[in-house]
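Remember, it's 1-based here, ligands and their atoms both numbered in the order they're listed.
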Amino acid sequence: MPTYVYRCTTCGDTEQVFPMSRKPESVTCPDCRGTAVSAFTSPHLGAGSGTAFGVIDATKKTADSPPVVSRIPSTGRRSQPVSRDPRHAKLPRA
Ligand SMILES: [Zn+2]
């Protein structure tokens, strides 16, 4: 969930976490119980972790351009018998 910054005129900034769809325009200041108004219109998502953004970018990339399959994947069964020994052909098949 994104972190939103609210500014109290007495105490300064306080950070609150809300779901993006339920972000109030003002909150009760945790220090003075006054009103703290939303300081930024857009949420700052995360702290800018390189690893986290790398994962997000990679996830978005697979959604936009998924890896293309250029040939039919192997079924795992060989069309040619593995052994040419005729006695092996008489063995019961699993
Ligand atoms: Zn306050």
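Distances shorter than 2.8 Å separate the Zn ion (ligand 1) from the protein N/O/S atoms Cys8 SG, Cys11 SG, Cys29 SG, Cys32 SG.
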| query | Should Phe18 and Val27 be marked as a side chain to side chain contact (heavy atoms under 4.5 Å, CB included) after you check the CA-CA gap, both sets of side-chain angles, and the distance that decides it? | reply | CA-CA 11 Å; Phe18 291 106; Val27 294; 3.7 Å; yes

| field | Stepwise side chain to side chain contact (heavy atoms under 4.5 Å, CB included) test for Cys32 and Cys8 | value | CA-CA 9 Å; Cys32 70; Cys8 174; 3.6 Å; yes

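The shortest heavy-atom contact between Cys29 and Cys11 is SG-SG, 3.8 Å. Between Thr14 and Pro30, the closest heavy-atom pair is OG1-CG, 3.7 Å. Of all heavy-atom pairs between Glu25 and Tyr6, the closest is O-CE2, 3.8 Å.
Applying the side-chain contact (heavy atoms from CB on, under 4.5 Å) criterion to Thr28, with sequence neighbours excluded, gives Arg33.
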